[in-house]
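Down below is the structure, laid out as structure tokens.
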Amino acid sequence: MSDENNNISSDENAQIAQRRAKLAALRAQGNPFPNHFRRDSLAAGLHEKYGALDNAALEGESVRVKVAGRMMAKRVMGKASFAQIQDMSGRIQLFVQRDAVSAECYEEGFKKWDIGDILGAEGTLFKTKTGELSVRVDGIGLLTKSLRPLPEKFHGLVDQEIRYRQRYLDLIMNEDTRKVFELRTRIINFMRSFLAEHNFLEVETPMMHVIPGGATARPFKTHHNALGMDMFLRIAPELYLKRLVVGGFERVFEINRSFRNEGLSTRHNPEFTMLEFYQAYADYNDLMDLTEVMLRKLMHDVLGTMSIACQGHQFDFSKPFARRTVQDAILHFNPHLRDADLESLAAARMAAAALHIPLKDSYGLGKVQLEIFEKTVEQHLQNPTFITAFPTEVSPLARCNTADPFVTDRFELFVGGREIANGFSELNDAEDQAERFRRQAKEKDAGDDEAMHYDADYIRALEYGMPPTAGEGIGIDRLVMLLTDSASIRDVLLFPHMRPET
RNA sequence: GGGCCGUUAGCUCAGCCGGUAGAGCAGCAGACUUUUAAUCUGUUGGUCGUGCGUUCGAUCCGCACACGGCCCA
């Protein structure tokens with residue numbers, strides 16, 4: 001180990017120096033980072049089990065406990081002190097008396113320890129005269145010396161930047177933050193077990209792709225040294241999951257990261273978590289039904305409510321989700337438009353121009369319709385709503401509708417004006433898929449760097465035959481934002497992407 | 001990418017018309033054996049985000065940059 005002078009950070013201050021001096025004194029007496037203490041209780045468990053008893057009953061049972069955690073409060077009153085330690089479950093108060101732990105331990109140990117230090121303590125449970133369940137400590141030790149002072153006890157840590165950059169500190173200080181991430185995990189666990197119960201097989205597919213596919217997005221590029229080749233971080237797992245359906249895994253899902261090389265915003269992080277699942281012998285209507293059942297059960301089981309408040313709006317999951325097509329939705333929210341305005345490219349372009357929606361010359365009717373939809377409809381889709389029949393032009397992996405091949409058998413689910421899920425009956429016609437890849441490749445050659453590559457192996461897989469299948473992707477981060485009332489994706493990512501500190 | 005706002009002690013925040021900075025908490029020293037934002041007495045702590053400019057003089061005014069927040073594309 002380096003000595004004290006070699007290893008100091010640039011933001012040292014007097015308080016840290018004082019703690020380093022205390023640590024140096026501890027080192028002189030022995031190992032200041034012992035790892036022998038074993039607790040037998042967590043704070044929340046004690047409150048749950050003994051919180052209802054009065055002091056007479058508690059003292060009568062003389063319950064011995066060993067607890068450990070970070071000291072978050074310390075109130076010294078001469079020869080007795082109160083402290084609060086925080087563990088993974090919550091907080092418990094310690095009552096530390098000099099005569100119960102020895103004068104040596106009290107004066108030279110406890111009184112010199114700092115808020116933020118990690119302690120182990122044992123003793124018996126009792127209730128103070130104000131009724132707080134506490135441990136009457138008869139043995140206590142320092143388990144880890146903390147060198148940095150914690151934020152102020154009352155206001156806590158408020159600075160957004162520090163909360164994101166030093167999430168560990170945010171988690172120490174803010175119970176709300178801990179709750180968000182615990183809920184995130186419960187949401188993901190729910191979906192995992194829901195799908196497993198419905199006979200879906202969880203799989204892991206490559207995150208490093210030679211041909212990035214499954215979405216229209218710019219990829220991150222990396223390089224494989226031994227193979228001497230560029231590779232891409234995946235923008236979606238879709239094409240690999242469908243290869244597995246070809247292979248006979250007729251229900252598969254994956255929950256993991258994808259990467260898109262785009263800007264950062266309150267809704268975009270370069271790496272984000274998607275759930276994708278695929279079900280053979282099902283179509284997009286089956287998946288809408290499944291999604292509705294899954295989200296309702298998620299609300300019920302995990303949140304315990306069918307109505308959620310997010311950013312000042314209330315969303316109701318108790319009623320059947322509305323379902324309407326892209327065209328119907330456009331007409332509904334633009335009463336001045338009529339069917340004819342969406343039926344030819346020229347008319348749709350005029351309608352878009354009247355709405356001040358910028359278009360590129362390359363856009364066909366489908367893309368123009370989608371632009372109008374995004375600019376005039378999405379924001380109004382507050383309660384859960386499935387939008388169906390997206391134009392084929394903007395759905396290169398989806399199966400065309402049999403009656404109207406201009407659109408695909410595809411849906412997106414919107415809540416609070418935001419897309420939560422995207423699913424469709426899969427295109428399993430290898431020749432049609434090859435033709436769509438060729439069109440995408442042409443657009444890529446023409447300069448659209450978000451257009452898809454031609455994936456010959458994927459076509460080969462389809463040529464063996466993929467059963468009729470429907471697939472869906474759910475943006476986990478955005479779903480968690482919705483369910484935790486979070487304004488920014490950074491609030492639901494433990495370590496959101498940040499520019500380097502200066 | 002554009003607009004607006006922010007950056008002052010470890011943390012949360014003040015700081016008037018430009019005259020080298022304050023509070024609370026935390027820390028340090030002391031008192032205190034049922035406190036809980038403990039209390040009481042005393043006290044340390046600052047390259048005011050970075051750089052340039054204007055000025056006799058800049059935390060304050062101007063410009064640029066960095067990071068963050070909000071809104072827009």
Side-chain angles (χ1 to χ4, degrees), chain A residues 8-22 25 43 47 54-55 58-59 71-86 90-103 105-107 110-117 123-138 146-167 169-170 172-174 262-269 311-312 355-360 371 374-375 378-379 486-491 496-502:
Chain A
I8 55 176
S9 315
S10 56
D11 58 343
E12 295 285 294
N13 61 46
Q15 289 193 49
I16 295 175
Q18 282 160 359
R19 290 181 180 219
R20 283 194 193 282
K22 290 181 183 179
H47 288 296
D54 65 19
N55 188 47
L58 261 182
E59 301 264 27
M71 180 159 62
M72 299 302 290
K74 184 186 179 192
R75 296 180 283 274
V76 177
M77 297 162 301
K79 297 177 188 64
S81 300
F82 287 94
Q84 276 189 326
I85 58 169
Q86 174 171 290
R91 291 189 183 187
I92 185 83
Q93 180 167 263
L94 307 181
F95 184 46
V96 185
Q97 297 165 103
R98 186 191 66 178
D99 297 341
V101 297
S102 87
C105 172
Y106 189 75
E107 299 295 337
F110 178 79
K111 280 177 76 170
K112 294 187 175 177
W113 298 336
D114 294 300
I115 288 172
D117 286 351
T124 52
L125 289 180
F126 76 109
K127 273 197 171 171
T128 64
K129 64 185 183 188
T130 53
E132 178 159 352
L133 184 69
S134 307
V135 180
R136 189 189 311 280
V137 172
D138 50 40
S146 168
L147 293 174
R148 287 179 178 266
L150 291 177
E152 188 216 347
K153 62 191 168 196
F154 188 58
H155 297 91
L157 180 65
V158 171
D159 187 293
Q160 285 280 55
E161 187 170 349
I162 301 177
R163 291 181 54 206
Y164 295 147
R165 287 191 195 279
Q166 299 177 240
R167 184 66 89 185
L169 192 56
D170 186 27
I172 290 170
M173 297 305 298
N174 292 317
E262 291 158 1
L264 286 75
S265 78
T266 50
R267 291 198 285 276
H268 298 85
N269 196 67
Q311 304 299 297
L355 292 161
H356 308 291
I357 297 169
L359 302 173
K360 290 185 185 162
E371 289 291 320
E374 287 179 354
K375 298 295 186 298
E378 281 190 11
Q379 60 199 307
S486 298
S488 170
I489 195 170
R490 288 181 160 176
D491 296 323
H497 183 79
M498 302 287 279
R499 289 186 170 84
E501 284 180 80
T502 46

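Just so we're on the same page: letters track the sequence lines, and every chain starts at 1. As the structure is a prediction and not an experimental result, all values here were calculated from the model.
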| Using 30° and 60° as the class limits, which term best fits the ring planes of A:Phe110 and A:Trp113: parallel, tilted or perpendicular? | perpendicular
| query | Syn or anti: how is B:C17 classified when any glycosidic angle within 90° of 0 counts as syn? | reply | syn
| request: Tell me what A:Arg165 touches on the nucleic acid: a base, only sugar-phosphate, or nothing, going by heavy atoms under 4.0 Å. | output: sugar-phosphate
| request: Please determine, for B:G62, whether a Watson-Crick or G-U wobble partner exists with both distances under 3.5 Å, and give it or none. | output: B:C52
| said: Considering every strand and a 4.0 Å limit on heavy-atom distances, what is the contact class for A:Arg490: base, sugar-phosphate, or nothing? | reply: sugar-phosphate
| request: Write down the distance between CZ (A:Phe126) and P (B:U35), rounded to a whole number of angstrom. | output: 11 Å
| query | With no angle test and no hydrogens, is the base of B:A26 tied to the side chain of A:Gln15 by a donor-acceptor pair under 3.5 Å? | reply | yes
| field | A:Arg75 side-chain N/O to B:A38 phosphate OP1/OP2 under 4.0 Å | value | yes
| request: Kindly indicate whether a cation-pi arrangement holds for A:Arg136 with A:Phe126, taking the cut-offs as under 6.0 Å to the six-membered ring centre and within 45° of the axis. | output: yes
| A:Asp99/A:Lys79 ion pair, N-O < 4.0 Å | no
| note | The side chain to side chain contact (heavy atoms under 4.5 Å, CB included) partner of A:Gln93 among A:Ile85, A:Thr128, A:Val135, A:Leu133 is A:Thr128
| message | What's the gap between B:G24 and B:A14 when it is taken at their P atoms, as a whole Å value? | response | 16 Å
| query | Taking the same atom, C1', in B:A38 and in B:U33, what whole-Å distance lies between them? | reply | 14 Å
| message | Looking at B:G6, which nucleotide sits across from it as a Watson-Crick or G-U wobble partner, both distances under 3.5 angstrom, or is there none? | response | B:C67
| request: Remember a base hit wins even if backbone is also touched, and classify A:Met498 as base, sugar-phosphate or nothing at under 4.0 Å, heavy atoms. | output: sugar-phosphate
| message | By nearest heavy atom, map A:Ile162 and A:Val76 onto RNA chain B; which one lands nearer the 5' end? | response | A:Ile162
| Base partner of B:G1, which must satisfy Watson-Crick or wobble distances under 3.5 Å | B:C72
| query | When syn is taken as a glycosidic angle within 90 degrees of 0, is B:U20 syn or anti? | reply | syn
| query | CD of A:Gln160 versus C1' of B:C67: gap in Å, rounded? | reply | 14 Å
| query | What is the nucleic acid contact for A:Gln93, judged by heavy atoms within less than 4.0 Å: base, sugar-phosphate only, or nothing? | reply | base
| said: Could you identify the nucleotide paired to B:G18, looking across every strand shown and requiring Watson-Crick or G-U wobble geometry with both distances under 3.5 Å? | reply: none
| task | Identify whether any heavy atom of A:Asp159 sits under 4.0 Å from a base atom; if not, whether one sits that close to sugar-phosphate; answer base, sugar-phosphate or nothing. | result | sugar-phosphate
| message | Does the structure show a Watson-Crick or G-U wobble partner for B:G27, both distances under 3.5 Å? Name it, or say none. | response | B:U43
| What is the distance, rounded to the nearest whole Å, between atom CG of A:Asn13 and atom P of B:U47? | 10 Å
| If only side-chain N and O atoms of A:Lys127 are considered, is one of them under 4.0 Å from the OP1 or OP2 phosphate oxygen of B:U35? | no
| message | Using a 4.0 Å heavy-atom cut-off, does A:Thr266 contact any base of the nucleic acid, only the sugar-phosphate backbone, or nothing at all? | response | sugar-phosphate
| With a non-hydrogen cut-off below 4.0 angstrom, is A:Arg499 in contact with a base, only sugar-phosphate, or nothing? | sugar-phosphate
| request: Ignoring backbone atoms, test whether A:Lys153 places a side-chain nitrogen or oxygen under 4.0 Å from the OP1 or OP2 oxygen of B:C11. | output: no
| query | Base, sugar-phosphate, or nothing for A:Pro358, non-hydrogen atoms under 4.0 angstrom? | reply | nothing
| message | Under 4.0 Å, heavy atoms only, any strand: does A:Gly156 hit a base, just the sugar-phosphate, or nothing? | response | sugar-phosphate
| field | Nucleotide B:G27, atom P - distance to CG of A:Asp117 in whole Å | value | 11 Å
| task | Check the distance between B:U33's P and A:Lys79's NZ and give it to me in whole angstrom. | result | 4 Å
| What integer distance in Å separates A:Gln18:CD from B:U43:C1'? | 12 Å
| query | Between B:C11 and B:A26, how far is it from one C1' atom to the other, in whole Å? | reply | 8 Å
| said: Classify A:Lys22 by what it touches in the nucleic acid, base, sugar-phosphate, or nothing, heavy-atom distance under 4.0 Å. | reply: sugar-phosphate
| remark: In whole angstroms, the gap separating C1' of B:A38 from CZ of A:Phe154 amounts to 14 Å
| Nearest-angstrom distance, C1' atom, B:G57 to B:U20 | 10 Å
| field | Between B:G27 (C1') and A:Met71 (CE): distance, integer Å | value | 13 Å
| request: Determine the contact category for A:Tyr106: base if any of its heavy atoms lies under 4.0 Å from a base atom, sugar-phosphate if only primed atoms, P, OP1 or OP2 are that close, otherwise nothing. | output: nothing
